[in-house]
Amino acid sequence: MNAEPHLESLKIKHADLDAKIAAEECRPHPDDDVIHDLKKQKLRIKDELFSIQRHAGR
């Protein structure tokens, strides 16, 4: 099974969440709950990326 397309998709989602976090933080009154949720999503994706890359390196 080739994990490369899935990895690329996760990397794109990770970058998209990064942009959403930055945009929310630039607002005059950023919503801390939204930022927190976005950061949790980003961390889940990062963990999945790490797990896939670690298993691929075996």
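Just so it is clear, the model here is predicted, and its values are computed rather than measured. The analysis underlying the following values was restricted to heavy atoms, covering all of them including side chains, and did not include hydrogens, waters or symmetry mates.
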Excluding sequence neighbours, so at least two apart, what forms side chain to side chain contact (heavy atoms under 4.5 Å, CB included) with L43?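 Applying side chain to side chain contact (heavy atoms under 4.5 Å, CB included) to L43 gives D47.
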
Throw together a table of side-chain donor-acceptor distances under 3.5 angstrom for residues 11-18, partners on residues two or more places apart or in other chains.
unit_1: D18; atom_1: OD1; unit_2: K42; atom_2: NZ; d: 2.7

Only pairs under 3.5 Å count here: list side-chain donor-acceptor contacts from residues 29-40, not counting sequence neighbours, and write none if there are none.
unit_1: D31; atom_1: OD1; unit_2: D33; atom_2: N; d: 2.9
unit_1: D31; atom_1: OD1; unit_2: V34; atom_2: N; d: 3.3

Looking at CG of L10 and OG of S51, how far apart are the two atoms once the value is rounded to the nearest 0.5 Å? 10.5 Å

